[in-house]
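In what follows, a structure is listed as structure tokens, so that the remarks can point back to it.
Naming convention: chains lettered A, B, ... in sequence-line order (proteins, then strands); numbering from 1 in each chain. Remember, predicted model here, so these are calculated numbers, not experimental data.
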Protein chains: 2
Amino acid sequence: MARAASTKGNTRIQRQKTRQILDAALEVFSTYGFRGSTIDQIAAQAGLSKPNILYYFDGKEAIHRVLLDRLLHTWLEPLEHLGESDNPVDEICAYVTRKLEMSRDYPRESRLFANEILQGAPNIIAELQGPLKSLTDEKCRLIQSWIDAGKIAPLDPHHLIFSIWSTTQHYADFDVQVQAVLGHAGEDRFTAAQTHLDHLFRGMLTPRLDHDV
Amino acid sequence: MARAASTKGNTRIQRQKTRQILDAALEVFSTYGFRGSTIDQIAAQAGLSKPNILYYFDGKEAIHRVLLDRLLHTWLEPLEHLGESDNPVDEICAYVTRKLEMSRDYPRESRLFANEILQGAPNIIAELQGPLKSLTDEKCRLIQSWIDAGKIAPLDPHHLIFSIWSTTQHYADFDVQVQAVLGHAGEDRFTAAQTHLDHLFRGMLTPRLDHDV
DNA sequence: AAAATTCTTGACCGAATGGTCAGGGTGCAT
DNA sequence: ATGCACCCTGACCATTCGGTCAAGAATTTT
């Protein structure tokens, strides 16, 4: 009985072809979004025939679902690592650096996520309201405790996290624009970005004495 | 002779229908991207028949092009207003506020832009490398002069602008995620965001005495 | 090496999509 | 009210798209 369905990587060939297809699909979906992508595009990208793609996956949507599932796991991980520390400013900056590295190393995943959110997150809205919200709320309580202890400047934890997400992912999602504006001088743009973001968040997080209230 | 082509708003009806179509198209394109949108969707959204849409525009691509043209003009405007000031910190923060207001008031335009960039900016790459780069470079020189005068903290002007763009547009492009994470408590999320971003950039821009080099 | 299983594809199908066109309807100036 | 330019649409067309299937090729098992 065929119908390999989702990720049943039993045989050698199954494992290889499944990975091959998912990699091609990530490339295509992250660029054109779900509705803008075609199975033929994925097949061409993977160097396989269309029916062959559909031999391993139960359809376009099934491929997309697998990619999104993997994505969410990868995406939440860095935030999970945000934990207690003697130096909260360094701890948060390390998170910023980690997120920026992910934008550099996994830009396609970042764009896939961006595409899904842009389109109203039809397939991951539940995960956003569930696991993502829970994890975020938890980390926000941690950040709030740092604020209460006077270890970092007082600011809204949720919006701080939004700022971290947006500034770091920008270098993956808007890479074309970044390159266009920086011109060819932007060779080491990730190094420059890292320095900049470290300054930005360090400057904002470090508590000030000239602050009343 | 028919073939109204692009924006030939001569008669009353032409003006009204053209606007109606562009509004509907903005709604659809900003959600599904160019390739993921169909003329039928735009027609349904506009309350018109498909052939009627094609009576006013020479095709799906023509509509998209008009929207992008208008967008770029709107998009560059706030940055153009960044100018000399006795208080550069306030000047930049005013720009941040202006950009955030645009995310609130024109989220569809923001998402249309994001979609285009995500897909590699096939239709506006020239504008990015031309007008956008020129304007950005010019404003970066202005910012650099403020830095040299010691009026704001030393940091990379280009990446500062990227941070402003990303943090503000995040509230339009990733609105679904923001809402999911904040829950129903996010009623006045734009007010909260405004306060937060003002803190963020003020904290970063204000020169510090405890800074060597 | 033969049998059983897994893998691959050309040909095909129904639905959706971008776009056309002839003909009829509508608004407007005279 | 009538002529004319402008406006609108049902029907239609070619192509693309997601997906199926039978039959053959490759691989593994016995």
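Put simply, the side chain of A/I92 reaches to within 4.5 Å of the side chain of A/W146, judged on heavy atoms. Here the side chains of B/I161 and B/C140 are in contact, with some heavy-atom distance below 4.5 Å.
Computed from coordinates, the B/L54 CG to D/dC7 P distance equals 15 Å when rounded to whole Å. One interatomic measurement links the two molecules: CD of A/E61 to C1' of D/dG18, which rounds to 11 Å at whole-angstrom precision. Counting to the nearest Å, the C1' atom of C/dT9 and the CD1 atom of A/I39 are 15 Å from each other. One can place CZ of A/R35 at 14 Å from C1' of C/dG18, the figure rounded to the nearest angstrom. Taking atom NZ of residue A/K17 and atom P of nucleotide C/dC7, one finds them 9 Å apart after rounding to whole Å. In this structure, B/H64 places its NE2 atom 13 Å from P of C/dG19, rounding to the nearest Å. If you take OH of B/Y32 and P of C/dA16, they are 16 Å apart, rounded to a whole angstrom. What separates CZ of B/F57 from P of C/dT20 is a distance of 15 Å, to the nearest Å.
Put simply, A/Q14 has no side-chain N or O that comes within less than 4.0 Å of OP1 or OP2 on C/dT6. Contact check, A/Y56 against C/dT8: a side-chain N or O comes under 4.0 Å of OP1 or OP2. Distances shorter than 4.0 Å separate none of the side-chain N or O atoms of A/Y55 from OP1 or OP2 on C/dT8. Close to D/dT28, at under 4.0 Å from its OP1 or OP2, lies no side-chain N or O of A/T11.
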Scan nucleotides 24-29 of chain C against the protein and return all N/O pairs shorter than 3.5 Å with their distances rounded to 0.1 Å.
{"from": "C/dC28", "atom 1": "OP1", "to": "B/R12", "atom 2": "NH2", "distance (Å)": "3.2"}

Could you go over nucleotides 10-16 of chain D and give all protein N or O partners under 3.5 Å, atom names and distances?
none

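Classification of the A/H170-A/F174 ring pair by plane angle, with boundaries at 30° and 60°, yields parallel.
When distances are taken from the side chain of B/N52 to each of D/dC8, C/dT8, D/dC6, the shortest belongs to D/dC8. Relative to the side chain of A/K60, the nucleotides D/dC7, D/dG19, C/dT8 differ in distance, and D/dG19 lies closest.
Ring-centre distance between B/H64 and B/F29: below the 6.0 Å cut-off. Taking the six-membered ring wherever Trp is involved, the centroid distance between the rings of B/H196 and B/Y171 does not fall below 6.0 Å.
In this structure, B/D175 does not pair ionically with B/R111, as no charged nitrogen and carboxylate oxygen lie closer than 4.0 Å. A salt bridge links A/D23 and A/R108; the closest N-O separation between the charged side-chain nitrogens and carboxylate oxygens is under 4.0 Å. Salt-bridge check for B/D69 with B/R65: failed, with every basic side-chain N at 4.0 Å or more from each acidic carboxylate O.
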Should A/Q20 and A/Q16 be marked as a side-chain hydrogen bond (donor to acceptor under 3.5 Å, both in side chains) after you check the CA-CA gap, both sets of side-chain angles, and the distance that decides it? CA-CA 6 Å; A/Q20 204 173 328; A/Q16 199 225 310; 3.0 Å; yes

